[in-house]
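The structure under discussion appears below in the form of structure tokens.
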Protein chains: 2
Amino acid sequence: MTLTQLRYLIAIADSGLNITLAAERVHATQPGLSKQLKQLEEELGFSLFTRRGKSLEAITAAGAQVIERARIIQSEAANIRALAANLRNEAQGELRIATTHTQARYALPSAIAGLRKRYPEVGVHLQPGGDAEILDLLERGQTDLAVVSTAGTPPPAGLALPVYRWDRIALVPRGHALTKIGRAPTLADLSAHALVSYESSLKPESSLRRAFDEAGLPLRLAFTARDADLIRTYVGAGLGVGVLAEMALDESDRDVVGLDLDGLLPSCTTWIVLRRDRVLREYALEFIARFAPHIDRRDVRRAFDHGIATDDWPVPPRWRDLDLARLAA
Amino acid sequence: MTLTQLRYLIAIADSGLNITLAAERVHATQPGLSKQLKQLEEELGFSLFTRRGKSLEAITAAGAQVIERARIIQSEAANIRALAANLRNEAQGELRIATTHTQARYALPSAIAGLRKRYPEVGVHLQPGGDAEILDLLERGQTDLAVVSTAGTPPPAGLALPVYRWDRIALVPRGHALTKIGRAPTLADLSAHALVSYESSLKPESSLRRAFDEAGLPLRLAFTARDADLIRTYVGAGLGVGVLAEMALDESDRDVVGLDLDGLLPSCTTWIVLRRDRVLREYALEFIARFAPHIDRRDVRRAFDHGIATDDWPVPPRWRDLDLARLAA
DNA sequence: CGCGTTTACGTCGTTCGTAACGATA
DNA sequence: TATCGTTACGAACGACGTAAACGCG
């Protein structure tokens with residue numbers, strides 16, 4: 001058993017059992033992988049895969065167990081290399097950030113721009129998805145850090161650092177009835193209209209849905225998307241009243257106007273979520289320091305080593321109080 | 001970076017930085033280890049050890065981090081091999097059990113004898129120590145399972161399976177004053193004598209000490225040892241009244257006699273403690289099934305996979321109700 | 001016949017052990 | 001001078017890539 005064999009094994013599993021594809025991904029030849037796989041199976045004394053003819057058909061139960069452990073080994077080997085790269089002050093590398101569209105579009109650009117200024121050789125890869133997918137990516141170790149938002153408690157997995165708080169606003173076409181009532185809309189006001197909001201509102205545990213349920217009001221969703229820009233567009237097209245993150249408000253928009261909801265819905269917190277068992281490259285800490293400047297870098301280190309309870313983190317600033325220009329500097 | 005390099009690295013660290021000794025332990029030559037170590041350091045780009053002249057002097061901070069990860073890698077590699085050996089129904093192997101003297105001497109023999117009957121090719125290695133040492137061995141992955149006792153809650157680390165409950169008894173020379181009071185001794189009775197008990201009674205959190213503290217009585221320890229046989233011997237020699245596990249009572253002993261303490265001290269539970277992240281060989285499960293026959297083997301598996309709360313385990317039988325002969329069958 | 005896997009083979013790099021050398025207490 | 005680590009060298013092994021054969025749809 002060698003690290004190479006385990007790497008090949010994982011590549012094969014992650015390439016849908018296509019050895020040729022896996023070989024390309026690890027920059028090796030297909031016969032090489034075939035042979036190493038065979039040797040590994042021989043050493044272990046059982047088949048990692050079932051075969052139909054010559055092709056791999058499925059992962060055996062035992063194979064799945066082995067792959068699981070192999071991933072841990074690979075991840076720890078990567079940790080050692082990351083450790084080494086940090087000590088050498090390597091300025092090259094990659095940063096994979098799994099996040100939602102709203103964060104990627106409105107919150108992250110300045111911090112990422114700042115990061116790239118300090119580390120021009122670091123490639124940043126955004127991995128968009130829904131909250132569950134994002135945390136799943138983190139869980140499976142396929143991303144370096146996740147940026148997600150919750151309306152209440154922090155996400156259960158990993159080490160969560162609070163970044164900023166934000167509220168939702170209502171978005172209506174200019175001249176819409178709701179702009180004329182002279183006060184912030186109530187849930188009853190909203191309930192009178194079809195709503196346009198995030199895909200996540202479809203889930204029964206969404207905070208929007210819960211607010212309506214608790215008020216005993218019906219929630220009609222005319223349109224949902226993950227993408228705040230789409231929501232804005234469709235509000236402009238008159239599909240209904242938008243409910244979306246304040247970050248997505250564009251003051252210069254001629255067609256639509258945002259309305260404060262004044263505490264109608266619970267505030268949200270955006271978190272950076274990390275895996276405690278993963279060594280971060282220096283530039284990842286740099287990103288965190290820029291995106292969440294109110295958190296002391298040493299506290300992050302300490303949280304990694306000893307585990308800080310979530311309550312011990314400082315209350316994060318509100319979105320509207322953030323100095324985005326400073327993050328990018 | 002190879003698995004071999006990491007194995008050598010760990011061997012060096014565990015041999016007190018003596019490469020020659022480490023080489024013997026891994027069945028390789030000293031120059032081989034030297035060279036691999038150098039190559040690893042070269043690849044990582046920093047020193048794992050500080051050197052005085054040619055000798056290794058200390059582990060660097062970064063080196064400690066690497067070793068920590070290397071241990072995880074080694075442990076997972078061992079897990080894969082264990083997985084494979086189980087599938088092949090290998091009947092050979094080793095079982096390392098870290099435990100206290102009392103368990104090793106009185107509780108384990110029948111279960112181990114039974115295990116050896118079923119698996120004659122398995123070498124069993126008892127690693128004696130105090131409770132803290134034992135759990136430390138488990139923590140550091142240097143033992144397969146730990147057998148420890150507590151007077152209350154289960155040990156905090158790992159997966160704890162309750163095996164049996166037991167009480168402490170008093171041990172006095174024949175004809176001792178306490179044999180003539182015609183009732184079970186009270187704490188006050190005991191307090192009148194110097195006691196002979198386990199080394200662990202020296203610790204302020206020991207349940208014996210706590211019982212005396214709570215009763216406001218002084219505890220005088222004339223003699224302590226880890227070894228119940230020694231305690232018995234010194235009670236026979238008249239050093240004082242013994243307080244020890246009922247398992248250690250030897251009815252055929254001519255010199256001393258045991259006295260029931262009748263709930264004077266809290267009951268103890270003996271636990272098997274496992275690491276959830278360690279794959280056990282089939283014979284280890286066999287040992288568990290023999291030592292704790294009231295626990296369903298499948299529940300152990302399930303606890304490994306999903307994590308069962310400690311409260312969900314069945315209440316273990318009392319020591320005196322155990323059928324030791326059956327365990328050995 | 002294309003796609004993907006296995007087999008065969010030659011080359012190259014690496015590991016490992018032996019032996020000699022060097023440094024330290 | 002004994003102990004422990006490094007350097008040097010040769011033999012053996014193993015990994016890898018190229019090329020060809022094989023099976024399956």
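Throughout, protein chains are lettered first and strands after them, A, B, ... in sequence-line order, and every chain is numbered starting at 1.
The separation between B:Glu24 atom CD and C:dC16 atom P is 17 Å, rounded to whole Å. For the pair B:Gln39 CD and C:dG13 C1', the computed distance is 11 Å after rounding to whole Å. Taking atom NE2 of residue B:His27 and atom P of nucleotide C:dG17, one finds them 12 Å apart after rounding to whole Å. B:Lys35 places its NZ atom 10 Å from the P atom of C:dC16, with the value rounded to the nearest Å. As rounded to whole Å, 17 Å separates atom P of C:dT24 from atom CG of B:Leu17. Rounded to whole Å, atom P of D:dG17 lies 9 Å from atom CG of A:Leu33. Residue B:Leu40 contributes atom CG, which lies 11 Å from atom P of C:dT15 at whole-angstrom precision. What separates CG of B:Leu3 from P of C:dT15 is a distance of 13 Å, to the nearest Å.
Taking every side-chain heavy atom of B:Pro31 into account, D:dT7 is the closest of D:dT7, D:dG5, D:dC16. Candidate nucleotides C:dT6, C:dG4, D:dG17 were compared by shortest atom distance to the side chain of A:Asn18, and C:dG4 ranks first. The side chain of A:Thr29 sits closest to D:dG17 out of C:dG4, D:dG17, D:dC16. The A:Gln36 side chain lies nearest to D:dC16 when the options are C:dT15, D:dC16, C:dT5. Closest to the side chain of A:Tyr8, out of C:dT6, D:dC16, C:dC16, is D:dC16. Checking D:dT6, D:dA15, C:dT5 against every side-chain atom of B:Arg51, the shortest atom distance belongs to D:dT6. The nucleotide whose nearest atom lies closest to any side-chain atom of B:Gln30 is, among D:dG17, D:dG25, D:dT6, D:dT6.
In this pair, B:Phe223 and B:Tyr234 present their aromatic rings parallel. The plane angle is below 30°, not in the 30 to 60° band.
Residues A:Arg52 and A:Thr2 both approach DNA chain D. Their nearest nucleotides, taken by heavy-atom distance, put A:Thr2 toward the 5′ side.
OP1 or OP2 of D:dT7 lies within a sub-4.0 Å distance of a side-chain N or O belonging to B:Lys38. Taking only side-chain nitrogens and oxygens, B:Ser34 comes nearer than 4.0 Å to OP1 or OP2 of D:dT6. A sub-4.0 Å separation between OP1 or OP2 of D:dG5 and a side-chain N or O of B:Thr20 is present.
The main-chain N or O of A:Glu139 is found under 3.5 Å from a side-chain atom of A:Arg275 such that the two form a donor-acceptor pair.
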Using the rule given for side-chain hydrogen bond (donor to acceptor under 3.5 Å, both in side chains), can you reason through A:Thr100 versus A:Tyr198, listing the C-alpha separation, both sets of side-chain angles and the distance that settles it, and then say yes or no? CA-CA 11 Å; A:Thr100 57; A:Tyr198 295 108; over 6 Å; no
Tell me, with the steps shown, if A:Arg281 and A:Asn86 meet side-chain hydrogen bond (donor to acceptor under 3.5 Å, both in side chains). CA-CA 6 Å; A:Arg281 292 293 303 275; A:Asn86 280 343; 3.2 Å; yes
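Salt bridge A:Glu286/A:Arg290: present, at least one basic N to carboxylate O contact under 4.0 Å.
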